[in-house]
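For reference, the structure is listed below as structure tokens.
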Amino acid sequence: MAETDIGPPDFRTMLPEVIAKNYGQWKYHENIKPGVYKHVAEGGDEVYTVRCGSPKLVCTDFIRDLCDIADKYCDGHMRFTSRYNPEFLTPKKENVEPIVAAVTKLGLPVGGTGRGISNVIHTQGWIHCHTPATDASGVVKAIMDELYPYFVGEKTLPHKLRLSLACCLNMCGAIHASDLAVVGIHTRIPGIDHEKLHAQCEIPTTAQGCPTKAIRKHPDPNVKSVVVAEDKCMYCGNCYTICPAMPIANPEGDGVAIFAGGKVSNARKPPRLSRVIIPFIPNNPPRWPELVAVLKQIVEVYGKNARPLERFGEWVERVGWEKFYKLAELPFPVQLIDDFELARDTLRSTTQFKWS
Ligand code: SF4
Ligand code: SF4
């Protein structure tokens with residue numbers, strides 16, 4: 001294959017020997033204990049996988065520690081799942097417990113497999129990105145401290161439950177297709193620094209960058225700046241990306257929404273998009289207690305009421321959203337009604353529908 005500097009290197013050049021040999025020829029797999037999988041190939045080869053939890057933002061020393069484990073027990077191979085779980089793969093059964101011990105010594109929990117909660121996929125948050133309406137790592141840490149028993153297998157659920165967090169509506173965190181998701185939401189129009197705007201931003205580009213055309217030239221011709229029509233602004237933060245003199249972050253108005261019912265898998269039902277179930281919870285750093293409490297409540301209601309092997313969205317679809325709100329003891333605020341003008345086909349406007 002031709003070498004280029006575009007995109008990631010070809011993964012096939014980095015597969016462990018046993019995976020390359022049996023690629024596409026796996027017969028079955030078992031979750032032999034929380035965090036440990038055994039895969040068996042058609043030809044009889046076995047591979048054991050130890051999965052652990054990890055923060056998303058890590059330092060090079062931490063990566064070196066993981067690589068030392070991979071060098072010692074896995075012929076120098078390891079991988080990160082799409083939800084950032086470090087995974088160590090070995091064909092040697094006798095290496096499983098030493099890997100578990102080495103990972104535990106690093107302070108990482110072994111788990112995230114089977115009918116429970118895996119690592120939470122999330123975005124950059126206050127530590128890095130410029131448009132977040134909430135933090136990412138801090139919120140996820142607070143959530144997973146509470147849901148930890150579901151990661152290590154002390155508690156189980158009807159099926160796997162994928163959690164994610166995106167700190168603004170750009171949704172870098174794949175929240176649209178997770179069972180439960182937290183999304184940062186701005187609720188105030190951007191501030192405008194008229195002193196800086198004319199020096200830092202190009203006014204026509206800034207106005208054109210607004211999806212709802214809420215940005216206009218300042219009515220005073222002597223002020224080289226813009227104004228925002230509050231009734232048109234949807235708080236997307238796009239203008240701040242284009243113009244640093246229009247910051248969208250607001251300590252009073254920023255918070256999170258909760259989405260639910262999405263999935264990527266094609267098993268039983270096609271992939272599903274998640275829907276908003278709670279439109280707004282204000283930020284309450286450093287531990288977001290209100291958010292954590294409501295997420296725990298929703299996870300427990302799912303655990304108690306869904307059938308075995310029913311994903312979150314499949315369960316809600318079976319019982320109905322109205323019943324879900326009752327079971328979860330959640331209010332149904334008006335903001336959940338999709339009143340976008342093209343949404344009349346998605347509204348349940350039939351005379352057959354009754355709120356029960
Ligand atoms: Fe930045 Fe938004 Fe992505 Fe968060 S979700 S990292 S704020 S673009
Ligand atoms: Fe327009 Fe979005 Fe900026 Fe509001 S936040 S003015 S909708 S670009």
Side-chain angles (χ1 to χ4, degrees), residues 55-58 82-84 119-143 162-178 180-194 196-198 200-219 223-259 262 273-274 276 279-283 285 288 291 335 339-341:
K56 176 184 175 180
L57 302 176
V58 297
S82 57
R83 306 191 98 83
Y84 330 132
N119 245 12
V120 180
I121 189 166
H122 68 84
T123 50
Q124 325 305 329
W126 289 333
I127 204 162
H128 178 65
C129 198
H130 67 301
T131 53
T134 190
D135 193 20
S137 307
V139 185
V140 166
K141 169 79 173 122
I143 294 170
R162 295 295 183 241
L163 266 77
S164 60
L165 181 146
C167 40
C168 86
L169 289 176
N170 279 335
M171 295 190 188
C172 312
I175 68 96
H176 57 288
S178 291
L180 269 179
V182 178
V183 186
I185 300 284
H186 300 287
T187 63
R188 303 281 194 277
I189 63 168
I192 304 173
D193 187 332
H194 296 301
K196 287 188 184 153
L197 194 136
H198 71 97
Q200 293 185 332
C201 318
E202 211 183 35
I203 290 176
T205 316
T206 305
Q208 282 302 313
C210 174
T212 59
K213 302 280 174 275
I215 301 177
R216 293 272 183 273
K217 265 170 69 178
H218 199 285
V223 181
K224 288 198 172 59
S225 186
V226 297
V227 289
V228 172
E230 189 157 0
D231 57 336
K232 285 190 176 170
C233 178
M234 60 175 181
Y235 324 120
C236 68
N238 209 32
C239 46
Y240 183 49
T241 303
I242 298 163
C243 174
M246 297 182 71
I248 184 82
N250 183 305
E252 303 302 321
D254 290 355
V256 298
I258 298 183
F259 283 51
L273 291 177
S274 43
V276 187
F280 190 72
I281 301 174
N283 279 324
W288 283 265
L291 167 67
Q335 290 90 341
D339 62 351
F340 183 59
E341 72 172 304

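Computed from a prediction, not measured in an experiment: that's the story for all the values here. Quick note: residue numbers are just sequence positions, from 1. Every number for a ligand or one of its atoms is a count from 1 in the order of the listing.
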Notebook entry, point to check: Does some side-chain heavy atom of Asn283 sit less than 4.5 Å from a side-chain heavy atom of Val256?
Noted result: yes
Next item on the list: Check ligand 2 against Ile215 and write out every atom of the ligand that is under 4.0 Å from a heavy-atom position of the residue.
Entry: 6 (S)
Margin query: Is there a side-chain hydrogen bond (donor to acceptor under 3.5 Å, both in side chains) between Arg162 and Ser82? Walk through the geometry before answering.
Written below: CA-CA 11 Å; Arg162 295 295 183 241; Ser82 57; over 6 Å; no
Note to self: If you define the side chain from C-beta out and look only at heavy atoms, does anything of Ile189 sit under 4.5 Å from Asn250?
What the structure shows: no
Next item on the list: Quick one: name the protein N/O/S atoms under 2.8 Å from atom 2 (Fe) of ligand 2, chain by chain.
Entry: Cys236 SG
Margin query: Quick check on Ile189 - does any of its heavy atoms sit under 4.0 Å from an atom of ligand 2?
Written below: no
Next item on the list: For Cys168, take its heavy atoms, then give the atoms of ligand 1 lying under 4.0 Å from any of them.
Entry: 2 (Fe), 4 (Fe), 5 (S), 7 (S), 8 (S)
Checklist line | Partners meeting side chain to side chain donor-acceptor pair (under 3.5 Å) with Lys196 (sequence neighbours left out) | finding: none
Item checked: Verdict with reasoning, Met246 to Ile215, per side chain to side chain contact (heavy atoms under 4.5 Å, CB included) -> CA-CA 11 Å; Met246 297 182 71; Ile215 301 177; 3.9 Å; yes
Next item on the list: Please lay out, stage by stage, how Thr134 and Asp254 fare under the test side chain to side chain contact (heavy atoms under 4.5 Å, CB included).
Entry: CA-CA 7 Å; Thr134 190; Asp254 290 355; over 6 Å; no
Checklist line | Proximal ligand 1 atoms for Pro132, defined as those under 4.0 Å from one of its heavy atoms | finding: 7 (S)
Margin query: With heavy-atom distances below 4.0 Å as the criterion, list the atoms of ligand 1 near Cys129.
Written below: 1 (Fe), 6 (S), 7 (S), 8 (S)
Checklist line | Atom indices of ligand 1, in the order listed, that fall short of 4.0 Å to a heavy atom of Thr123 | finding: 4 (Fe), 5 (S), 6 (S)
Margin query: Measuring only between side-chain heavy atoms, which start at C-beta, is Val140 closer than 4.5 Å to Asn119?
Written below: no
Next item on the list: Using a strict cut-off of 4.0 Å, indicate which atoms of ligand 1 neighbour a heavy atom of Gln124.
Entry: 6 (S)
Output a table of donor-acceptor pairs, distance under 3.5 Å, between side-chain atoms of residues 223-239 and any protein atom two or more places apart or on a different chain; print 'none' if there are none.
| residue | atom | partner | partner atom | Å |
| --- | --- | --- | --- | --- |
| Ser225 | OG | His194 | ND1 | 2.6 |
| Asn238 | ND2 | Gly209 | O | 2.6 |

Next item on the list: Just jot down the ligand 1 atoms closer than 4.0 angstrom to any heavy atom of Cys172, in number order.
Entry: 3 (Fe), 5 (S), 6 (S), 8 (S)
Check: Between Cys129 and Cys167, does the SG-SG distance stay under 2.5 Å?
Finding: no
Note to self: Can you list everything that forms a ring pair (Phe, Tyr, Trp, His ring centres under 6.0 Å) with Tyr240? Sequence neighbours excluded, please.
What the structure shows: His130
